[in-house]
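Below is one structure, written out as C-alpha cells, with a few remarks after it.
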Protein chains: 2
Amino acid sequence: MKNKANEQLSEFLAGQGLKSTRQRNRILSVFVSAGRHLSAEELTLLVKKTDAGIGYATVYRTMKLLSEAGLAHERRFEDGVTRFEYNASEGHHDHLICTRCGRIIEFENEQIEALQQSVAKKNRFLVQSHKLELYGLCSNCRGKRKSTPDVR
Amino acid sequence: MKNKANEQLSEFLAGQGLKSTRQRNRILSVFVSAGRHLSAEELTLLVKKTDAGIGYATVYRTMKLLSEAGLAHERRFEDGVTRFEYNASEGHHDHLICTRCGRIIEFENEQIEALQQSVAKKNRFLVQSHKLELYGLCSNCRGKRKSTPDVR
DNA sequence: CATGATTTTGATATCCATTTTCAATTGCAA
DNA sequence: TTGCAATTGAAAATGGATATCAAAATCATG
C-alpha cells in the first residue's frame with residue numbers, strides 16, 4: 001500500500017533482520033517527497049514538522065541505513081556538509097552547483113567519463129569512484145546581484 | 001637571501017600592511033620543502049620539529065593567509081580533512097587519489113576541461129571553479145593486500 | 001495476546017577539525 | 001625608544017557527525 005521507496009525499505013530491513021519503525025518510514029517518506037538534495041539538518045527540520053519527537057541522531061542513523069539500502073546517496077560538496085539525494089534508479093551523475101543560490105543541477109557525460117578512464121590508464125590507476133563538481137552561477141543568478149535561495 | 005616563496009610572502013604581507021613574522025616564514029619554508037599535500041596537522045608536526053613553540057592556530061591562520069597570497073591551495077578530498085598543496089606557478093590540475101595508501105597524483109586534461117565547459121553551456125551555467133577527483137588504487141596498490149602508507 | 005530477547009530511539013555526551021577569544025608579545029613606523 | 005596595531009599561543013568555542021546508554025518499541029514465539 002505504501003509507495004515504492006517504502007516497500008524497498010521494508011524489503012531491505014527484512015533481509016537484514018532489522019526492524020521496521022515509524023521513524024524510519026517517516027524519514028524516508030519526507031526525504032523522497034522533498035525531491036532534492038538535503039542535509040541531515042534540513043531533513044530533520046522537515047521531519048519534525050510531521051513528527052516532532054524524531055531526533056537528529058535517528059535521522060543521521062536512518063540516512064546511513066538508506067544509503068546502505070541504495071535508497072539514498074551521500075554527497076559532500078565544498079561547504080563540507082553531507083547532503084543526501086534520492087536515487088530512484090539511474091546511474092552515476094555529476095553536479096553543477098550554484099555558488100550564489102545553492103541550486104544543484106545533475107548531469108551525465110559519457111565522454112568525460114571515458115576521458116577519465118584514459119587518464120587513469122596512463123597513470124596505471126584503477127578507478128573505483130569519482131567526483132566531478134562544477135561550481136559557478138546558474139542561469140538564474142548570472143547577472144543578478146541578489147537571488148532567491150533555492151537551497152540555503 | 002630567502003628563497004622565492006618567502007620573497008613572495010614578504011611582498012604580499014607588505015602590500016597588505018601585514019607583518020612579517022618568524023612563524024609565518026618558518027611555516028612557509030617547511031610547507032614548501034615538504035613538497036606534497038599536507039593537512040594542517042601534518043604541517044604543524046613538521047613545523048614543531050623546527051620550532052616547538054608554534055601552535056596549531058598559527059598554522060591554520062598562516063595557511064589561510066598563504067592561500068590568499070596564492071602560495072598555497074586548499075584541497076578537501078573525501079576524508080573531510082583540508083590539505084594544502086604548494087603551487088609554484090602552473091595552472092589548474094585535478095587529482096587521482098589512492099584509497100589504499102593515500103597517494104595523490106596530479107593531472108591535467110584540457111579535453112575534459114573543454115567538455116566541462118560545454119556541459120555548463122548547455123545548462124546556461126557560468127563556471128567559476130571545478131573539482132575532479134578520481135578515487136581508486138594506484139599502481140603500487142593494485143593487486144596488493146597491504147601497502148606502505150604514503151600520506152597518513 | 002502476552003512474553004521476552006533484541007533493536008531502536010532520543011537526549012545527551014563526545015569526537016575531531018577548524019575557528020575564535022583574549023591577554024601577552026612582537027613588528028615596525030615614527 | 002616608544003606606541004600601537006598586528007600577531008601569537010593556549011584554551012575555549014564551534015559545528016557537523018558519531019557514540020553512549022537507559023527507556024521504549026518491534027516482532028517471533030508460545
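Proteins come first, then strands; the chains are lettered A, B, ... in the order of their sequence lines, and each starts at number 1. Owing to the predicted nature of the structure, the values given are computational and were not obtained by experimental measurement.
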Exercise. Between atom CG in B:Asp79 and atom P in D:dG16, what is the gap in whole Å?
Worked result: 19 Å

Exercise. Using Watson-Crick and G-U wobble pairs whose two distances are both under 3.5 Å, how do you write the pairing of DNA chain D as dot-bracket, with | for links to another strand?
Worked result: ||||||||||||||||||||||||||||||

Problem set entry | Distance in angstrom units between B:Leu13 CG and C:dC28 C1', rounded | 13 Å

For this session: Establish, with yes or no, whether the OP1 or OP2 oxygen of D:dG16 is under 4.0 angstrom from a side-chain nitrogen or oxygen of A:Thr82.
Result: no

Exercise. With sequence neighbours excluded, what pairs up with B:Leu126 under the side chain to side chain contact (heavy atoms under 4.5 Å, CB included) test?
Worked result: A:Leu137, A:Arg142

Exercise. Do B:Gln23 and B:Thr62 meet the criterion of a side-chain donor-acceptor pair at a distance under 3.5 Å?
Worked result: no

Exercise. What are the two closest non-hydrogen atoms of B:Leu96 and A:Phe125, and how far apart are they?
Worked result: CD2-CD2, 3.7 Å

Problem set entry | Side-chain (B:Tyr135) to main-chain (B:Glu78) donor-acceptor, under 3.5 angstrom | yes

Exercise answer: donor-acceptor pairs, residues 10-22 of chain A side-chain atoms, under 3.5 Å, sequence neighbours excluded:
| residue | atom | partner | partner atom | Å |
| --- | --- | --- | --- | --- |
| A:Ser10 | OG | A:Asn6 | O | 3.0 |
| A:Ser20 | OG | A:Asn25 | ND2 | 3.2 |
| A:Thr21 | OG1 | A:Arg24 | N | 3.1 |
| A:Arg22 | NH1 | A:Asp51 | OD1 | 3.0 |
| A:Arg22 | NH1 | A:Asp51 | OD2 | 2.4 |

For this session: Round to a whole Å and report the spacing from CG of B:Leu38 to P of C:dT18.
Result: 13 Å

For this session: Figure out the CZ/C1' separation between A:Arg76 and D:dA17, and round it to whole Å.
Result: 10 Å

Exercise. Is any side-chain nitrogen or oxygen of A:Thr58 closer than 4.0 Å to OP1 or OP2 of C:dT8?
Worked result: no

Problem set entry | Any B:Tyr60 side-chain nitrogen or oxygen under 4.0 Å from OP1 or OP2 of C:dT19 | no

For this session: Applying side chain to side chain donor-acceptor pair (under 3.5 Å), run through A:Glu133 and B:His130 and close with a yes or a no.
Result: CA-CA 6 Å; A:Glu133 293 156 14; B:His130 74 264; over 6 Å; no

For this session: Name the residue closer to the 5' end of DNA chain D, choosing between A:Val81 and B:Leu65 according to the nucleotide with the nearest heavy atom.
Result: B:Leu65

Problem set entry | Sidechain-backbone polar pair: B:Ser118 side chain, B:Leu115 backbone, donor-acceptor under 3.5 Å | yes

Problem set entry | Distance, rounded to the nearest Å, where A:Arg26 contributes CZ and C:dG10 contributes C1' | 16 Å

For this session: Just grab all the salt bridge (Lys or Arg N to Asp or Glu O under 4.0 Å) pairs involving residues 56-76 of chain B, residues at least two apart or on different chains.
Result: B:Arg75-B:Glu85

For this session: Summarise protein proximity over nucleotides 20-30 of chain D in one line of letters, 5' to 3': B for base, S for sugar-phosphate only, - for none, counting protein heavy atoms closer than 4.0 Å.
Result: B-----BS---

Problem set entry | Atom pair distance, as rounded to whole Å: CD in B:Glu74 and C1' in C:dA17 | 13 Å

Problem set entry | Expected output: side-chain A:Thr58 to main-chain A:Ile54 donor-acceptor under 3.5 Å | no

Problem set entry | Heavy-atom closest pair, residues A:Arg100 and A:Cys141 | NH1-O, 3.2 Å

Problem set entry | d(CG, B:Leu43; C1', C:dT18) in whole Å | 14 Å

Seminar exercise, completed: In numerical order, the residues of residues 45-56 of chain A whose heavy atoms come under 4.0 Å of DNA chain C are A:Gly53, A:Ile54, A:Gly55

For this session: Report yes if a side-chain nitrogen or oxygen of A:Lys64 is closer than 4.0 Å to either non-bridging phosphate oxygen (OP1 or OP2) of D:dT18; otherwise report no.
Result: yes

For this session: Ignoring hydrogens and angles, tell me if any N or O in the side chain of B:Gln117 forms a donor-acceptor pair with the backbone of B:Ala114 under 3.5 Å.
Result: no

Problem set entry | Interatomic distance, A:Leu66 CG vs C:dT8 P [rounded to whole Å] | 13 Å

For this session: May I ask you to check whether A:His95 and A:Phe77 place their ring centres under 6.0 Å from each other?
Result: yes

